[in-house]
Amino acid sequence: MSILTELQDLTGDMRGWRHHLHAHPETAFEEHQTSKLVAELLTSFGIEVHTGIARTGVVGVIHGKATGPWVGLRADMDALDVPEANDFAHRSQHPGKMHACGHDGHTAMLLGAAKYLAAKRDFAGTVAVIFQPAEENEGGGRVMVEEGLFERFPIESVYGLHNWPGLAAGHLAIRPGPQMASYDIFEITLEGQGAHAAMPHLGRDSMVAAAQLVTALQTIASRDANPLDAIVVSVTQIHGGDTWNVLPQQAVLRGTVRAFDASVQDLAERRIDEIAQGIAATFGIKARLRYERRYPPTINAREPARIAAAAATALVGADKVDLDPRPSMGAEDFAFLQQARPGAYIWLGAGPGQAGCMLHNPGYDFNDEILNIGAAYWVELVRQVLGGADA
Ligand SMILES: [Zn+2]
Ligand SMILES: [Zn+2]
């Protein structure tokens, strides 16, 4: 019997867990009820459970019938600060928060796979199911690594998965090398001299300088970086001024840089500062830069990427697996796990992705049709890494 058929029996469970999680979203490091539910379910499956890693993180340990290497499978559990626009029965009951990235589905699929693997244990080695907090913005994956994830559990390779609207439902996509970008943030404070708006010559205007700076920063991608290196520099906030007739003393610009290579991040950090200082000098004001590297790029190691692709192909057939998808400029804190151990991160197609079902959209809802395929991917991956039923 194929894994997909076998896992069909768990689809109802997974849908139930998923809808419960969707209705009760919790954000970064506050996933207390989610974490409790995950730990209780894993325990009920007969799995050894470790809680409190990175505050709300949970690791379940499933030993196979024979000994062998350890493999880590990771799901994220956190929701977003987005007010939900849906009105179906399982809509968010927590105002201002929702599962707009499908981490409810990721958690449910890994729970389904864990239940199946714990019942069978037909592999040679140990599976660690890793449920991490705070994937969005706060780097829960980094905190798990810092709190000894790989020292406490001798995991040799690690795998991640994300649902992907825009890719056909049930298709999978993975490539060796970069799959997702780095995520850096910057804040530039322009310090001028406030003045009456009718008498700009008596002050030093930070607003005109801010406007020039937004435009000039775009030349990092178009004139500083090698055209063959991907980079995005986006100014996402401008703050300054309180009223109609005052030129404010200060303007603050914030934004984000995405790239696939540390040398490109270095270039961006250096050029943002040089351009800010240059513009400030031009307008006779001062500039101060704060640049913070949040997430490294998600780089799939060659061998895990090959194994993940083999599992995907065995599961859904070569015609439904894209082995050379274009990387995304989005970011993923799974990158921290990949820095610690060889790993591979795959996209699971979630469907057409029309308006209303793209990630982080207030109308998004995880596609329940792919729960079965995601869970089956984990099971097939364990077979590929640790051997099959003969173990
Ligand atoms: Zn996500
Ligand atoms: Zn997200």
Side-chain angles (χ1 to χ4, degrees), residues 17-18 21-22 25-31 34-35 38 54 56-57 73-86 92 94 96-111 130-144 158-167 169 172-174 178-185 232 234 236 256 258 294-298 300 325 327-338 343-351 353 355-368 370-371 373-374 377-378:
W17 302 328
R18 213 280 290 173
L21 293 170
H22 191 93
E26 297 173 302
T27 46
F29 296 118
E30 290 171 2
E31 305 90 342
T34 306
S35 170
V38 166
T56 48
L73 315 179
R74 169 275 203 172
D76 38 17
M77 303 188 289
D78 56 317
L80 279 156
D81 288 303
V82 172
E84 180 153 11
N86 299 309
S92 170
H94 297 169
K97 296 184 191 295
M98 79 171 284
H99 271 291
C101 203
H103 300 183
D104 50 347
H106 301 166
T107 301
M109 292 188 293
L110 190 55
L111 283 168
I130 303 162
F131 295 86
Q132 75 147 81
E135 190 285 320
E136 305 282 0
N137 298 309
E138 304 306 325
R142 173 179 55 74
V143 180
M144 285 195 96
V158 66
Y159 293 85
L161 174 156
H162 207 291
N163 80 99
W164 208 247
L167 180 64
L172 291 136
I174 185 163
Q179 180 116 350
M180 299 194 70
S182 58
Y183 166 44
D184 299 345
I185 59 168
V232 181
S234 291
T236 54
T256 175
R258 313 295 177 124
R294 285 282 174 104
Y295 294 0
T298 300
N300 287 330
S328 164
M329 296 309 287
E332 180 37 90
D333 81 346
F334 183 70
F336 290 107
L337 279 67
Q338 286 176 313
Y345 177 85
I346 200 166
W347 290 328
L348 169 60
C357 73
M358 293 308 283
L359 299 176
H360 294 199
N361 182 289
Y364 172 87
D365 189 36
F366 184 88
N367 181 356
D368 285 330
I370 62 173
L371 285 167
I373 297 168
Y377 165 75
W378 288 130

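Read the numbers this way: they start at 1 and go in the same order the structure lists the ligands and their atoms.
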Margin query: Please give the atom name: the N, O or S atom of Glu136 nearest to the Zn ion (ligand 2).
Written below: OE2
Check: Is there a donor in the side chain of Tyr364 and an acceptor in the side chain of Asn163, or the other way round, less than 3.5 Å apart?
Finding: yes
Next item on the list: Give a yes/no answer: is there an N/O/S atom of Cys101 under 2.8 Å from the Zn ion (ligand 1)?
Entry: yes
Next item on the list: For ring pair (Phe, Tyr, Trp, His ring centres under 6.0 Å), just list the numbers for Tyr295 and Phe336, CA-CA rounded to whole Å, side-chain angles, deciding distance to a tenth of an Å, and then say yes or no.
Entry: CA-CA 7 Å; Tyr295 294 0; Phe336 290 107; 5.8 Å; yes
Notebook entry, point to check: Can you say whether the rings of His22 and His99 are parallel (under 30°), tilted (30 to 60°) or perpendicular (over 60°)?
Noted result: tilted
Next item on the list: Please note down the angle at the Zn ion (ligand 1) between NE2 of His103 and NE2 of His162, to the nearest 10°.
Entry: 120°
Note to self: The test is salt bridge (Lys or Arg N to Asp or Glu O under 4.0 Å); show your working for Asp365 and Arg18 and say whether it passes.
What the structure shows: CA-CA 10 Å; Asp365 189 36; Arg18 213 280 290 173; 2.8 Å; yes
